[in-house]
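Predicted model only: the values in this text are computed from it and were never measured. Residue numbers start at 1 and run along the sequence shown. Atoms considered below: every heavy atom in the structure, side chains included; atoms not considered: hydrogens, waters and symmetry mates.
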Amino acid sequence: MGPDILRENFPLLIPILALMIPIVAIVAHYVSRSNRERERHETIRILAKAGQPIPPELIGGASEVDSDFHTENRRRSNPNRSLTPGVVNLSVGLGLMGMFALMKPDSWLWGIGLIPFCLGVGFLLLWSFERKQAPQA
């Protein structure tokens, strides 16, 4: 394994590392959540073995702040939950289309920006439909 092999394969490492970063972040999140749940269950076991009362916060699961149930309720009750991702995707799509059009004017690369652009349009349409169907307070 000489320096020529590394020099030839180094460009392949860049996208591989770029794809590994979010994968490692997702795995770290789930490992952290699993460890937190294991510690919570161990605490409940120790309290039950000692005959101590178990606080309702431990039995109910995670706190209100990071509970998936409460997060879902907050999302459902927010009438503008599709507006922010719609505007962000629309802007990113326009930026990518402009950037690629300026980089290579005679190329098809500007079409890459159509993916987030269309996602943004879809989110904005969803926001518009939800806003019309939402009951007025």
Out of curiosity, Ile21 CD1 to Leu17 CG, how far, rounded to the nearest 0.5 Å?
6.5 Å
Working note: Glu42 + Arg38, criterion side-chain contact (heavy atoms from CB on, under 4.5 Å); need CA distance, chi angles, decisive distance, verdict.
CA-CA 6 Å; Glu42 184 63 29; Arg38 188 176 337 112; 5.6 Å; no
Taking every heavy atom of Gly113 against every heavy atom of Leu96, the minimum-distance pair comes out as CA-CB, 3.8 Å
Are any side-chain N or O atoms of Ser128 and backbone N or O atoms of Leu124, one a donor and one an acceptor, separated by less than 3.5 Å?
no
What pair of heavy atoms forms the shortest contact from Ile59 to Arg40, and how long is it?
O-NH1, 4.0 Å
For Pro116, run the side-chain contact (heavy atoms from CB on, under 4.5 Å) check against Leu94, Asn89, Leu90 and tell me which one passes.
Asn89
Pairwise distance CG(Leu83) to CG(Leu126) - rounded to 0.5 angstrom:
11.0 Å
Hydrophobic cluster identity match, Val24 and Val31, side-chain contacts under 4.5 Å:
no
Are Ile5 and Leu13 in one and the same hydrophobic cluster, where Ile, Leu, Val, Met, Phe, Trp and Tyr link if side-chain heavy atoms are under 4.5 Å apart?
no
Approximate separation, where rounding is to 0.5 Å, of Ile112 CD1 and Leu109 CG:
5.0 Å
Do Leu119 and Met99 land in one hydrophobic cluster if side-chain heavy atoms of ILVMFWY residues count as linked below 4.5 Å?
no
Would you find more than 12 non-hydrogen atoms of other residues, nucleotides or ligands less than 6.0 Å from Met20 atom CE?
no
Point-to-point distance, once rounded to the nearest 0.5 Å, from CZ of Phe123 to CD of Glu130:
10.0 Å
Short question: side chain of Ser91, backbone of Val87 - any donor-acceptor pair under 3.5 Å?
yes
Indicate if Leu114 and Val121 have the same hydrophobic cluster label, given that clusters are the connected sets of ILVMFWY residues with side-chain heavy-atom separations under 4.5 angstrom.
yes
Does the side chain of Leu47 come within less than 4.5 Å of Pro55's, by heavy atoms?
yes
Count I, L, V, M, F, W, Y as connected when their side-chain heavy atoms are under 4.5 Å apart, and connections chain through other members. Are Val88 and Trp127 then in the same cluster?
yes
Exercise: identify the closest heavy-atom pair between Trp110 and Ala101:
CB-N, 4.1 Å
